[in-house]
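Written below as structure tokens is the structure these notes are about.
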Amino acid sequence: MADLFDGYSLGEQWDEMFARAGEPRAAYAGLFASLQPMAGEELAARADVLSQTYRDAGVTFAHAGEEQPFPLDIVPRVIGAEEWAVIERGVAQRVHALEAFLADVYGAGQVFADRVVPRSVVTTSAHFHRQAHGLVPPNGVRVHVSGIDLVRDEAGDFRVLEDNLRSPSGVSYVITNRAAMSQVLPELFADHRIQPVADYPSRLLAALKASAPSNVADPTVVVLTPGVYNSAYFEHALLARQMGVELVEGRDLVCAGNHVSMRTTDGQQRVDVIYRRIDDEFLDPVHFRPDSVIGCAGVLNAARAGRVTIANAVGNGVADDKLLYTWVPDLIRYYLGEEPVLANADTYRLDERDTVEWVLESLDQLVLKPVDGSGGKGIVIGPRADETTLDDLAVKVRARPRDWIAQKPIGLSTCPTLIGGRIAPRHVDLRPFAINDGSTVWVLPGGLTRVALPEGELVVNSSQGGGSKDTWVLSPPRQTAEPEPELTTIEFTAVDLPEDPPAQDPGPLNDTVVGQGQQQQQGAFMAITAAGRVAHVRPEGQLWP
């Protein structure tokens with residue numbers, strides 16, 4: 001193994017690059033061959049350029065109240081075409097099922113009547129909004145954009161950790177990661193067939209326009225942001241810019257007569273689709289928090305009247321409640337009649353007394369998650385928690401078991417990462433993004449790989465100080481071209497030819513050109529291919545010019 005990988009130790013978890021020490025997996029063979037000759041100093045120097053590129057471009061993320069550059073590791077993650085095909089099918093399947101579930105929850109509620117999911121699971125969710133009941137989007141889509149978090153377990157299988165159906169963040173880093181990496185390591189891109197990610201904004205814009213009210217010929221789309229102090233403001237601005245639409249705040253919008261308009265220097269302009277990056281609770285002070293100053297009063301009524309589309313739809317959070325997550329495999333079977341392509345992580349609901357008691361006795365062996373948490377907040381990893389933390393957790397779980405789920409710890413896979421001029425394994429996850437335009441669920445080939453930079457750290461969330469990696473999904477191998485039929489030459493000598501050429505060869509009737517061609521064949525030797533093609537050759541055997 002090259003010096004760059006000296007000391008790279010494989011643990012019990014799955015390693016993305018190496019099957020065994022020094023033996024890269026097939027998808028990583030090219031990357032390993034390219035990195036191996038490099039000295040650590042060279043890779044570190046390129047990483048510095050990469051970091052400077054990010055700083056110059058203003059790629060930031062708010063962490064602990066401070067805006068700071070978003071760490072991008074220079075060693076990409078690689079996923080082979082066959083593995084990606086499974087992820088792609090599994091993510092799309094999950095989105096289809098959750099779309100059907102949301103339509104059911106805010107519609108007929110057949111899933112409750114059929115006792116697939118207890119109604120109480122939904123009605124006790126903090127993200128269930130009765131205000132959205134009966135509100136049907138123009139093209140039926142509620143989950144326009146989704147991010148499904150995956151991890152790879154010790155056996156190498158991808159498992160779903162959670163679903164994000166409200167305002168999943170991170171796709172802007174997928175796009176900027178690729179642009180920055182292609183500048184710093186151009187030779188690697190020349191050696192790999194990597195599926196592109198740059199068409200995400202155009203796909204998103206097409207899906208948003210497809211969701212517009214049906215009587216609008218040329219819909220106006222806007223991105224609604226809470227403002228510059230939001231941790232994902234960079235993403236809001238980038239998507240608006242790349243889609244070529246306006247980035248607005250609540251104060252830029254006005255709703256009157258169930259029509260939404262934005263204030264511009266030329267007066268008010270009608271808005272048909274709002275890609276909102278504001279939580280439900282702050283979106284419309286008429287229906288939710290009356291003290292919100294970042295939303296637009298009346299926008300939910302406009303949506304109910306069919307005059308504007310809100311993407312993603314209000315109330316989606318009930319489907320990414322972590323308690324509901326435990327039923328998603330059942331929902332796939334119920335709505336689609338299929339077996340789940342991607343399995344959940346092993347999870348326990350705290351809805352029975354015996355289970356609660358067992359979990360309380362096993363807190364030091366489990367991972368406890370709040371059902372409405374996000375960004376890794378509130379997660380307690382039992383095997384790494386101190387006694388005080390576990391005692392506090394026990395009090396919370398005993399008081400409100402509905403607010404928690406318990407999972408068996410998964411040894412997240414590791415991926416080579418540049419740490420201090422050396423390559424070392426670090427834990428990673430993966431968030432593929434999907435766009436639903438009402439006809440197709442398209443999964444962006446790549447997704448966001450988040451990496452926990454401290455050694456042994458399992459929480460990879462950006463809001464917890466994690467970084468990211470460019471994720472390469474390799475294209476399927478080119479189809480081998482059908483071999484050209486072998487040229488079989490049958491040579492005719494003068495002996496084989498008639499002594500006198502035909503007096504006349506009129507050729508096909510009414511086809512003068514073909515007839516002339518046939519006359520030109522006189523005196524020539526012919527080569528006939530196995531496929532029946534005919535080539536003219538000179539008597540000495542050379543091809544005719």
Side-chain angles (χ1 to χ4, degrees), residues 87 90-99 101-102 105 117 121-122 125-128 142-143 145-153 157-171 174 231-232 279-280 312 315-332 340-350 366-382 402-413 427-434 436 441 443-444 447-452 457-464 466 468 471:
I87 294 173
V91 169
Q93 180 191 55
R94 214 165 169 98
V95 173
H96 281 302
L98 291 170
E99 279 278 15
F101 174 70
L102 284 167
V105 165
V117 175
V121 171
V122 169
S125 170
H127 304 294
F128 172 65
R142 287 178 166 80
V143 187
V145 178
S146 55
I148 309 299
D149 287 352
L150 307 177
V151 295
R152 203 201 284 263
D153 64 16
D157 296 323
F158 281 100
R159 288 175 175 251
V160 179
L161 212 54
E162 64 183 57
D163 307 287
N164 297 280
L165 310 180
R166 285 171 280 170
S167 297
S169 294
V171 74
V174 177
S231 62
D279 291 342
D280 288 349
N312 284 343
N316 276 9
V318 72
D320 66 18
D321 182 301
K322 291 183 179 59
L323 181 57
L324 191 280
Y325 152 91
T326 64
W327 271 279
V328 173
D330 297 319
L331 296 179
I332 291 171
V341 175
L342 297 170
N344 278 9
D346 295 335
T347 307
Y348 303 94
R349 305 168 189 148
L350 308 190
L366 299 171
V367 176
L368 271 288
K369 294 181 176 179
V371 296
D372 62 348
S374 62
K377 297 174 183 174
I379 294 177
V380 177
I381 301 176
R402 165 63 176 84
D403 292 351
W404 298 87
I405 59 170
Q407 294 179 330
K408 288 184 177 178
I410 295 179
L412 273 59
S413 63
H427 294 290
V428 294
D429 75 349
L430 177 66
R431 173 176 288 183
F433 293 89
N436 186 2
V441 175
V443 183
L444 174 69
L448 179 66
T449 290
R450 297 177 295 187
V451 54
E457 178 61 61
L458 293 173
V459 179
V460 300
N461 300 73
S462 310
S463 56
Q464 303 298 308
S468 71
T471 307

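Hydrogens, waters and symmetry mates are skipped; everything else that's a heavy atom, side chains included, is used. One-based numbering along the sequence shown.
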What distance separates [X] [atom1] from [Y] [atom2], expressed to the nearest 0.5 Å?
X: Lys369; Y: Ile381; atom1: NZ; atom2: CD1; value: 9.0 Å
X: Leu350; Y: Thr326; atom1: CG; atom2: OG1; value: 10.0 Å
X: Leu324; Y: His127; atom1: CG; atom2: NE2; value: 11.0 Å
X: Asp153; Y: Lys408; atom1: CG; atom2: NZ; value: 12.5 Å
X: Asn316; Y: Glu99; atom1: CG; atom2: CD; value: 7.5 Å
X: Asp429; Y: Arg431; atom1: CG; atom2: CZ; value: 8.0 Å

Is the backbone of [Y] close enough, under 3.5 Å, to the side chain of [X] for a donor and an acceptor to pair up by distance?
X: Arg159; Y: Asn344; answer: yes
X: Gln93; Y: Val341; answer: yes
X: Ser125; Y: Val122; answer: no
X: Asp149; Y: Leu161; answer: no
X: Arg94; Y: Ile148; answer: no

Worksheet entry | Residues Arg402, Asp321: salt bridge by 4.0 Å N-O rule | yes
Discussion item. Does this structure show an ion pair linking Arg166 with Asp280, if we count only N-O contacts that are shorter than 4.0 Å?
Written reply: no
Practice prompt. Using the side chain to side chain contact (heavy atoms under 4.5 Å, CB included) rule, take Leu448 and Thr471 through it: C-alpha gap first, then chi angles, then the decisive distance, then the call.
Written response: CA-CA 7 Å; Leu448 179 66; Thr471 307; over 6 Å; no
Worksheet entry | Trace of the side chain to side chain contact (heavy atoms under 4.5 Å, CB included) decision for Val328 with Phe101 | CA-CA 9 Å; Val328 173; Phe101 174 70; over 6 Å; no
Which heavy atom of [X] sits nearest a heavy atom of [Y], and at what distance?
X: Asn312; Y: Val145; value: ND2-O, 2.7 Å
X: Val451; Y: Ser468; value: CG1-N, 3.7 Å
X: Leu430; Y: Gly447; value: CD1-C, 4.2 Å
X: Tyr325; Y: Val160; value: OH-O, 2.7 Å

Would you check if [X] and [Y] make a side-chain contact, meaning some heavy-atom pair closer than 4.5 Å?
X: Trp404; Y: Pro370; result: yes
X: Val117; Y: Val105; result: no
X: Leu323; Y: Arg349; result: yes
X: Asp403; Y: Asp372; result: no
X: Asn436; Y: Val143; result: no
X: Pro432; Y: Leu150; result: yes

